[in-house]
Structures are given as C-alpha cells and as structure tokens.
Amino acid sequence: QDALTLQLKWVTQAQFAGYLVAEAKGFYDEENLDVTILPGGPNIAPEQVIAGGGADIIVTWMAAGLAARDTGVPLVNIAQPFKRSGLMMICPTETGITSPEDFPGHTLGVWFFGNEYPFFAWMNKLGIPTDGSAEGVTVLQQSFDIQPMIQGQADCISVMTYNEYGQALDAGYGPDNLTIFNYTEMGNDLLEDGLYVMEETLDDPAKVDAYTRFVRASMKGWQYALDNPDEAAEIVVEADDTGAAEYDHQRYMVEEVSKLVDPDDAALNMETYDRTVQALLDQGIIKNQPEGAYTTVVTDGL
Amino acid sequence: MIGSLSPLQRFLALLAAGASLVGLLLSLAVGNTPAPLLLFFALGTLSLLRVRVAFNLSLDGILAAAGAAALILSLPAGAAMPAHFWLALLSAWAFAWLFVERLSAAIRAGALPHSGTGLVIPLVFGLTLLVVWEVVTRGANVPPVLLPAPSAIAARLAAETGILWADFVQTFVKSVIPGYIIGCLAGLLVAIAVDRSPFLKAGVMPIGNFMSALPIIGIAPIMVMWFGFDWQSKAAVVVAMTFFPMLVNTVAGLNAASVIERDLMRTYAASYTQTLFKLRLPAAAPFIFNALKINSTLALIGAIVAEFFGTPVVGMGFRISTGVGRLAIDLVWAEIAVAAVAGSAFYGVIALIERGVTFWHPSVRGGRA
Amino acid sequence: MNRVLPVLTILLAILALWYAAAIWMNAPWQNQLNARANLENVAFTEFAQQTWAQDKPVLPAPHQVISEIWNATVMLDIGSKRSLAYHGWITLSATLLGFAFGTALGVLLAVIIIHNDAADRSLMPWIIASQTIPILAVAPMVVVGLGAVGMTGLVPKALISMYLSFFPVVVGMVKGLRSPEGIQLDLMRTYDANPWQVFSKLRWPAAMPFLFASMKVGIAISLIGAVVAELSNASGGGLGVRLLTGSYNGQTIQIWAALFIAAGLAAVLVALVGGAERVVNRRMGVRAA
Amino acid sequence: MPAAAVVAAHQLGLTFPTADGDVVALSDVNLTIDKGEFVSFIGPSGCGKTTFLRTIADLERPTSGTLTVNGQTPEQARRSRAYGYVFQAPALYPWRTIEKNVALPLEIMGYGREQQAERIRRTLELVNLTGFEKRYPWQLSGGMQQRASIARALAFDADLLLMDEPFGALDEIVRDHLNSELLKLWDRTQKTICFVTHSIPEAVYLSTKIVVMSPRPGRVTDVIVSDLPRERPLDIRETPEFLAIAARVREGLRAGHSYEEAV
Amino acid sequence: MPAAAVVAAHQLGLTFPTADGDVVALSDVNLTIDKGEFVSFIGPSGCGKTTFLRTIADLERPTSGTLTVNGQTPEQARRSRAYGYVFQAPALYPWRTIEKNVALPLEIMGYGREQQAERIRRTLELVNLTGFEKRYPWQLSGGMQQRASIARALAFDADLLLMDEPFGALDEIVRDHLNSELLKLWDRTQKTICFVTHSIPEAVYLSTKIVVMSPRPGRVTDVIVSDLPRERPLDIRETPEFLAIAARVREGLRAGHSYEEAV
Ligand SMILES: Nc1ncnc2c1ncn2[C@@H]1O[C@H](COP(=O)(O)OP(=O)(O)OP(=O)(O)O)[C@@H](O)[C@H]1O
Ligand SMILES: Nc1ncnc2c1ncn2[C@@H]1O[C@H](COP(=O)(O)OP(=O)(O)OP(=O)(O)O)[C@@H](O)[C@H]1O
Ligand SMILES: Cc1ncc(C[n+]2csc(CCO)c2C)c(N)n1
Ligand SMILES: [Mg+2]
Ligand SMILES: [Mg+2]
C-alpha cells in the first residue's frame, strides 16, 4: 500500500465529506492506498505543512495556493472537485445595505489567514478602498463565526453557504432580513477547495500514479456522499475526534456542499482558473503569471 | 597559559581548536573549501599555541567573530553545506562561549568595569544564537516557510517599519499597557483586601485560583463579544491574564515579614495601614516585583493571542496570524522580533526599578552568588 | 464550617451578579427574538427566564453551564469523544507532563544561572525574550515542525506547556536560591562546603517559599499552554479543541462548560501544589504566621 | 492593689504547645510593678524572661492567670501605646537606613517632621551613632545594630520601657555610659522600666527591684527590693551594700539553676 | 616567624566602600598568634573585632597588608577546614531542628551516622541543651539559640576556634560554666582560640593574650600577655594578679574609646 497524508484546510466537517467518506468506506483501500487525514484549524496553514513535509496532498483555496507558489512553495493543483465558491457576504437589512454602492462607511467582517483574497479582489473590482476612510470600508478580522453580526460589531460578515449561513438561519436570519452577496452569482468567485501537491513529486511516476488513485477514490467518495447525505453526515460526525460536529449541522452542510462539487469531474475549469489568476494579479497578491501551477496528468489519468 | 583557565574554559579552548584542526585537515583532504573558511580553520588551529603563551580574551572574541564571518561568507546558495563546514560552526561557537566565560570571569574579578562590559555578554550570546540560526537554516536548506533565516527577517523588518510600528502601537501601547496596569493594580488591591479579611481570604482564594486558570484563549472570544473587536477587548484579556500572578505573589509576599518585624509594629499599636505601608508592602516588594516581571511577558502574549479572535486589520497578533496564512513567515518573525524587543525592554525597565526598590533584599544586595 | 461559609458567601454573590448580568447581556438578542415573534409586553420574570434559556446566549446562565457540564461528563460514557471528562483528561495529561518538564527545566536553568556568571549574564535576557514570543504564533510551527520529525500527540502540547511554565519557575527560583542571608552563606564558607552542599543544605531549603509560589503560577500557565497548543492541533481533542469548535459554532454554552472544566482543573492543580506546600512547610518547621 | 500598679501579674501561666509536647514557659507568676520602678529580670537562659516581657507587651497571650498593664488588659495598653520595647534581637528593617529605622515609630505615632529630626538626632547621639544615620543595618556591627534598636525605642515617649538584654552586645565602657544615661533618663522622666539582663552588677546598679527567675517551668523564685539610693554614681558598685545585694541575687540565681545538678 | 604561628597579620588593612564614603574597618594591624594560644579581642563596639575574625576566616578580603593562617593564605586554610566559627548572631537555619543544625557541619564534612549522633549528643549536653534536640530555632530563647550555635562549632574538630561574643546572651552561671568547659577543652586539645568578648573578667580569665582594639580606624592599641597559670580555678578572679591585668585591659579600653571625649 502507498501511504499518503492529506492535510485539510479546516476542522473535520462535511466540507471534506468526500475524503472522509472515501476513507470510511474503504475506497482508498480499494485503490491500495493508506490515507491519513489530518484536520486543519485556524492556525494551520496547509501550505506550510506540505512545505515542511508534514503532508503529501493538501486541500486549499486556489488564491492561497498560488500565493504560496509565488513565495516559493511550488504547489501544483492536481484536481479541483469544488467548481463553485460557497463564499457570501451577508448584511442584515437594518444596516440599510442593499447593494455594493452602500458599502462605504460601513464595517465589513472578513476572514483572513489566507481566506481574504476573494474579498479584496471584489473590492478591488468595485474600486472601494479598504483603509477605513469615509469613502471606503472598515475591514474587521472576523472570528470564524457569526457573532460579529449578532453583536452588531460588523455591518456585514463573511459566511460560507454551507456553514455560517446555516448558523445565521438557525439564529432567525434569512433572505427576508438579510442582503446577500454571493461571490459566485456576482461572478467574483475564486476557486476554493482544490487538491495540491509539491511540484517535484510529479516527476515521480509512482507518485503520480498514487495521486491518480487518490483522486479517483476521493471522487468516488464525493459521489457516495452526495448520493447518501444522511450516511455521509454520520460518517463526518464519527470521524470528528473533537466530538464537536453535530449531525444536523453536518447534514445541512452536505446538502449545501453538493451544490458546489461536481463528483463526475475532478478537472480544473480553465475559465475560472484564468479569472482567479487575473484577480490575484490585479491585486498584486501574486507578482508573476504563474507557470505550471496546475497539471492535468492526474485528472487525465482517471 | 592554559593553566590560568578554569576547567570549563580549558575544555572550550580545546574543543574550539580541535574542531578547527579537524576542519582544516578535512578541507585539505576534500579541497575546494572557500578561502575565508580555510583561513579561519588555520587561525583556529593556531590557537592551540595557547598551551604555550597566554591568550588575551579578546583574541577569542576575534576568533569567534572571524569564524562567524567566514561561515556566512562561505554559505553556498540554495544547497546544503558540505559536512565539514559544520565544524567551523562548532569551533566558532566554542570560541564565542569561551570569550563570554572569560569576559564574565574578568568582570567578576574586577579586572574590567562592571557597567558597559556587562552588556556585551548577552549581546555576544544573542549574536551567537543568530549566527547559528542563520547558518543552520541556510546551511541545512530549511524551507523559509518553516523557519526563515535571520537575514531574511532583518530585511523584512527594515522594509516594513511602517506596518510594524502601527501594529506595535495598536497592540503594545493601546492594549498591553492599560491592561497591564489595571490587571496588576487589581491583583494587588484584591490581594491586600483578601489579606486583610480572613473571611475574604477563605472565600476569594479558592475562587481566585479557579478563575486564574480560565484559559485566556477561552476568555478571548468572550471578551471580544463583550468589549468589541478593537483594543478594549485585548486590554481586558491582559487584565485577566495579569491579575492572578499578582494576586498569588502579593498574598505570599504579604506573609513574608518575619514574626519579630510584625511584633515591632504591634508594640507601636500601628494601625493596619501603617503596618501595611511601612512593613508588609516593603517586605512583599520582592514578591510583587516577581509578579510584575512575569506579567510583563504574559501581558504581551495575552494581547497578541487575543487578536486571533477578531480585530481591526492592524496589530501584532493580526499580522502574525494573517502572515502565517499568507506564508509571509519572514514578516511573522519580524513581528515576533518586535514583540521580543518590546517585551524585553518592558521587562528590563521593571527589573531596573526592582533593583532600586528592593536593593536591601539579599538576592539583590548580595549581588551574584 | 468556617472554611465553607466564606466560599459559599462569595459564591452566592457571584451567582447573583452572574444571573443579573445574563439578563442584561442577553436582553438585546432576546428583544430581537421577541420582536420577530411579535411578542410584546413580556413580563420581567418571564423575560428573565427567556434570557436564561437561550440556545446561544452571549452570557449563558450558571445553570445552563452546569447542566452542560453535567450532561457532558456524568451522563456520557467516559470514552466518548463528546465527553468533557475525556477531553479534560487529554488536556490534563499534557498539562502535567508539560508542568513536570517546565519545573525541571526552570529549576535547572535557575541552578545554572546562580552558579555561573556567564550563564547569568547571557541566559537571563534571552530567557525573558523567549517569553515575549507569542506562543500561539509559534505553536502551529512547533506542531508542524515536530510532526515532521514524527512527534505527535501529547509531546508537542507538553512542550508548549513547558515553554510557558518554566519561566515563572526560573524567575522565582533565581530569586529564591539567592535569598539566603550573607551570614548563612558565610557559615557554609567556613565549612568549606562544596557547591552541591551549599545548594542542597542552604539554597534549596531557603528557596522553598519561592518555588511553591512559582509552581502555583506555573501550573496554571501550564494548563493555558496545553489549551493553546490544542488550538493548533485540532486532531486528538482536548479542552482547547472544545473551546475552539464551540466558538466556531457559536456554542457559548459549550465554551463556558469547557472553560469551567479547565478552570476547575487548574484550581484543583493549584490546590494540590498548595497542599504539597503545606506538607513541606510542616516538615521544615515553618512557624505559622 | 494600688492604682499606681503599672504591671500586675496574678498566677500568670503560659504554655507553648510544640510538636513534642508542651513547654511551660511561665507558671504561677505573681508580680506587681509600681509606677516609676526600675525592675530587672535575671535568670538562666530559657527561664521565661523574654516570654514575660512579651506577655506584658501583648505579643503573647497568657494561658492562665491574669495580667493587667496600667490597670487595663495588655491589649488595651498596647493600643494606647503604653510602652516602648527593645527586642533581644535588633529587628531593624533592612530597607530603611538607621535614621529611618529610628523614625519609624515617630512616623507611626504622627510626630511632625522637625520633631522627628530632632528626636532622631538626640537619640542617635545618646547611643553614640552620630555619623551613621545614612547607613543600612547590614553595614553596621552587631553592637551598633543593637544600639540603633535602643535609640528606636527611646525616640518616643512611652511611660513604660520593656528592654530585653539591650546592652548584651556592648563593651563595658559603652555599657557603663548607657547605664548611667538610662538611670538619668529614668530619674528625670519617672518612667517605669522592665529590664532583662544577665549581668548581676548591672541589675543591682540599675534596679529598685530585682526579679530572679528559674526555668522549667519558668517561675519567679525571688524578688529583691533594693534599698540603694536613687542617686547612683558608678562607684556605688564597690560599696558593701551593693555587694550584699549582688550576693543575694547570685545566690537566688544559683539556687534556681539546673546546672549544678546537671553537670 | 616561627612555624607555629597560626595567625600572622602584617600591616593588615580593610576598607568597606559604602554609598557615603569608605569605612576603614581595620588599619595597620600587626599580630601573631601562636599555636595553642587563647587570644581574646576586646574593644568598643564597631572597632573591627568581627571584621578581623572574618578576615582570618576568609570571609572578608584584606585591602592591604598580609595575613597568613597556618602559614597558608586564609583561603587555603578555609579550604582545609582549619577553623570553627561562632558568629555573633546565631545564624541557625530555620528549617532545621536544633540537632539537625548541629549536624550540619558533620554532614558536610562527611562524618558517619553514628559519629554524628554521638557528637550531637555530647556537644548539646555540653551547652546544656539536652532535651531540645527536636525543637526549631524559633522555639528557643535567645540564649539557647546562641548555645546551639556554639555546639555547632564545637561538634567537629577544628584546631582553630574563632568565637565572636559566644557568651554574650548567657547568664553569669552558664557563662562561668561554659568558660571553664572551654578552658578544659582548650587545655585538653591544644586548640588555638580567638575569642571576642566585651567582658573584661572573661577575657582575663580565659586568655593567654588579650588584644585591645580601638575604632575609627579599627586598630590594635595594646596586646597584653597574661602570665596567669594555665590551670585556672574560677576563684583566680579574685587574685591580685588577675585584677592587675584586668585593670590594664580596662585602661587600654578606656584610652582607645571615643566616648570620654564625645559625651
Ligand atoms: N558590610 C559592611 N559595609 C560597610 N561597613 C561595614 C560592613 N561591615 C562592617 N562595617 C563597618 O566596619 C566597622 C567595624 O565593624 P565590626 O563588625 O568589625 O565591629 P565590631 O568590633 O565587631 O563591633 P561589635 O562589638 O559592635 O560587634 C563598623 O564601623 C561597621 O559599620
Ligand atoms: N514560640 C515558642 N514555641 C515554643 N517554645 C517557646 C517559644 N518561645 C519560647 N519558647 C520556650 O519558652 C521558654 C522560655 O523562653 P524565653 O525566650 O522566654 O527565655 P528567656 O528567659 O528570654 O531566655 P534567654 O535569656 O536565653 O533569652 C524556653 O524554653 C523556650 O524554648
Ligand atoms: C479551504 C478553505 N478555506 C477557507 C475556508 C473558510 N471557511 C469555510 S467555513 C469556515 C468557518 C468554519 O467552518 C471557514 C473559515 C474553508 N472552509 N475552506
Ligand atoms: Mg530572652
Ligand atoms: Mg562584632
């Protein structure tokens, strides 16, 4: 068996249902793989883990992956199960914000730690300064929950469709008392959860083969998860060492994630890729047009 | 002569020269060793002469510096160092240690002035650490995203002074200082109140111990919830963090006055406040300063950690967390360096005040053991 | 009895304050909820009860926290990943290991410092500087770095606990080991006692009060260290992980419950150190003040 | 008991509990000290002299019997600052200079700045420590520390002085000098003085009453009232009256002593 | 200088630097102490007696002149455990019981368990502290603490004893007893003893040589060699020879004293 370590971008949750299901259902074993799944967290940068040799494959957002590549960690995208972004910005209607023109003068909550690029790309496109000036917006480093909205510390906050938005719904917010800016619908989406490996490992055919089998099994996992959402949620809850995952919440998450993932196609969509690259270049997040930041050898081999 | 050295110094001298000797031999065997390094190996080997003639201690300093310079000049770009280069590191480090040993021995013996030269020692030690760090990270090709070399950090530090200064003001000036003052003062006052009333003492101390351990990480999100995302919540975390060490130490310190010293106050029928100010607080001063020093570092950690839970987009903790996320690890370390300097200076100021206030305590009066 | 009464009094005072604060802090959200549900003119007693029964309150009421603790410890199988007892044990073991390392390291450094001038002058400033490094920033790197060399689980957490807890011990012990009076040291000189004898027969006993004061701070900090380390290492569980995930899900009650277990642990640990101190004091014939 | 009794002990007893059994430090002590008396306590080491003084000063609590000071309880007397105490050990505060140590009771009792300065100057001169005002205790010799602590007790005006071997570490000449100064002070101010000493000549020279104590359990074995005149030049110590009293004291001391049998 | 010189000081000087100027504690001290001598030091408080003893013991470093102990430097002598020292203050370790305090030097010098027990028993009996073995220092009276510290210095066999006012806090009878015990010990073991005291009779009774010192700066003003016989019953103190020596010591003491002028 080939041993592979997968570093997730976040804590164990249904956002990663495909991998967790593939592991639990033995799909990796079938491909003769011994996969270890490491949960992430707010202080774990998967790019750093893989650079230090702590993982073979990581799940991360493309913006962060390319930024890392730009600073000298040669990450290569080998597959892109997430086709759409789950990122949204929501503003309670009492803030009076109904369109991006209303933003100036308000405080917006943004996740940092590598999750801030889509927001800044969007603001860059709108031409709104983010320096806290009167014509611009004040940016707040948002905690990874919806408290800043409930507490009224921010006028708008970032949410993922599959996670915090559900919390907001639970808390009694909904489309009727929220203004929702969906990055995908606005055409501002940057690619999210993709699979990345270190460039030099691709020189090794055995590795490439292992990656291919890994992606194949993972996509099978995604397929299974979307077909059996109840069981997938249970698997996620079971896989969570911390005991924090709640079935209902994970069940909701599977449902929402299924809208973003295409289990039949692991390949990178070049149109979104180019848009993502362009947005990053425009903002100066990366300095140079990336070369070799993705490969199709794995998806071609499926 | 080597006989005038202490056993430790003798060992270091032999280690330094020996490592150089082996390095020299290996270089000659392998060939292609850069000239500066070769020169250092030769000089280091020559230091074996000290078995015959006495070496001035500054010679050891010069040798250490030469070794450091030679190593850094000879570091190969982008590849791991050849094995025998590590001997130069060992040798240079042994020279530096020897230098520090002999310097402090000289200061102690009164051969060198105390002030001024006293500062050289920690500096030399720190520089040694930096050189070792530089050589190890570059020589062993450690990925910069795991641990950048000090030179890269210094470059970032120089390039980003504006950002670093803004972060410093946000975190240190706005959060740490007020939080520290309030927390320490509160700890002191509660300790006094607790000490005054046995009832309070019995009631508060167990609960105080309990509260003490509220891990800051837990209160940080709560404080952000309560006090908003700006510096106020960070200051609140600092208050919570500094309170307990002060409480515990002050309560212990207030018991430090000896029985006969207290009896004296009783014979004067001194009031509670008089006893407090003229006996118990002075006697407690060493303990109180202990807490002030521990807190000076805790406060900074607390404020930085609290910034991980929501903050305006400025602050040392903010920069560190986003820096890690962006793999700007050199910026992270630059920020850490600022934190270390600020924290050490803070500590130093308190230690200086302590020397002034508790000059009478044997641990200060007696000087070093 | 005269030990229980004061604690109870203070406890009751805190509880009363707490319930009042809970009403006050949860009121805005409750008002929103009530407005949304078109409830008007809610009587105060009923309103108070509403604020004490929210799902994700800003400040949970004491009974909510206590019942959460109860449900998450006694009512659950001890091996369950949802059991706070299970997570508490994980944190506790890292804390104890880290504290043991930290105390040993702290004492060792203090001993070196008081015996060697060069060490005193060169180490002390850097020991201090080391504590100004924000550990949470370094913790993930430590965890990543140690993971790369195959160290996972308890040890990285314990190392971070050690990193935090050795400091109060060094500072206190340097002071304590230097606290003997000149004449007490002179006596040893007249016997030409060797450094080990001076240490074991004079400096060490004289440093006891300082050691215990430092250890009380150290063990509390050690727990904080373990919790902080767990934040960087969501696998494996622990109270820190519970705090974190609680905060991601806005589960304030869960946060408070984990917090209380942590604080309770610390209180017990500090009390244990205090107990050890009393035993040692008795054996050293310390005069009751 | 006349109103003038400054110290009145009746069947006074004090027991210290210790890990290996109780120590009876005082037992059945009956003693009355009138206003203006100069009472010396003499007795073998460990017989309870210090304990008795501490009990008068309300630093120990009797376990049996009664004790009044100025007709009040010892606590009331202490609260009204009835006495000055010179401890057997100097007990100077290490963070205060000599002058500040002497100033301590003055500060506490609220003396004005100038009065403080004046009293410090006077008492330090009395104990011959002029010039050492700014030194810290650890910079003084043993005898100098003891003198500083005497100065501290004399700096304020207490009607009762409790002095526990104040001159123990002083040479004969300083001792003679301080003896006669103390007598002058006593004569001038009508203070009541309780004075512990191991020197029989000193006790006889100074006292109107000599209390001889004996140990295990600590008790009063003899009270010798001296009929020497109040006016006492130093050479009174060679007179037969003086020597007679001294002999009686020595006798009492020897009788109460456990040594003769033990050795 | 004969080989037998145990202590030899030549133009010895010692100055303490303090915040308000230097203190000359010893100046131009010349003194030779031969093996088997019993030398008493006497002089006003603050004249440098303690400082001189501390210098012999290598606890202070002379700032001028030379000093040898057993023909070696003080440091070498200290390292060979040439002396036992009784400090002016008891300096007992508060966390050790009396018996453990006496055991301290024995532990350090590596005596066996049984020998330790035997020596502790013997020396505590000598100072009449039998029965107090398990007490802590704060449970003892001042004089008892001082005796414990004497026992500690006598527990091991040093050929040179440095004793700084060892009997200061003891009553006359214990003092007499210990004086004669000390004399017996000295006679039996041929130890060399340096002894600080404020009592002129004590100095004369014990010594073969009496060194009179005077302060500011501390210096030796007189060295009186006693021709009393080695065998000294207590009543030798009434003989004219004794009184003559005592008178000479008193004379020297008075001459060196700053008091007469100052007061
Ligand atoms: N550590 C010190 N720093 C400064 N001055 C000191 C120190 N130790 C002693 N002295 C000074 O040195 C002088 C001699 O002191 P020393 O203790 O030798 O006197 P002594 O003869 O033993 O007096 P006593 O009979 O009172 O014990 C004194 O004036 C004292 O103030
Ligand atoms: N705190 C205490 N605990 C236990 N025993 C004590 C305590 N204080 C004193 N004693 C004992 O009480 C007895 C009397 O002690 P005290 O100090 O009164 O003696 P003293 O007459 O002053 O002796 P000295 O002349 O030696 O100073 C002694 O046996 C002593 O051991
Ligand atoms: C690759 C990846 N990057 C960022 C996020 C951001 N994000 C999504 S949900 C969430 C909060 C907790 O669920 C956060 C921070 C993510 N999920 N996955
Ligand atoms: Mg006494
Ligand atoms: Mg002296």
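Within every chain, numbering begins at 1; the chains are lettered A, B, ... in the order of the sequence lines, protein sequences first and strands thereafter.
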Checking [X] against chain B: side chain, backbone, both or neither under 4.5 Å from a heavy atom?
X	answer
A:Ala68	both
A:Val73	side chain
A:Thr138	neither

Chain A contact via B:Val224 - side chain, backbone, both or neither, heavy atoms under 4.5 Å: both
Which portion of B:Ile329 sits near chain A, non-hydrogen atoms under 4.5 angstrom: side chain
Shortest non-hydrogen separation from A:Gln141 to B:Glu307 and the atoms involved: OE1-O, 3.1 Å
Crowding at OH, A:Tyr294 (>12 non-hydrogen neighbours, <6.0 Å): no
Inter-residue atom distance B:Asp230.CG - A:Gln153.CD, 0.5 Å rounding: 10.0 Å
Value rounded to 0.5 Å, distance of CG in A:Leu75 from CG in B:Leu327: 8.0 Å
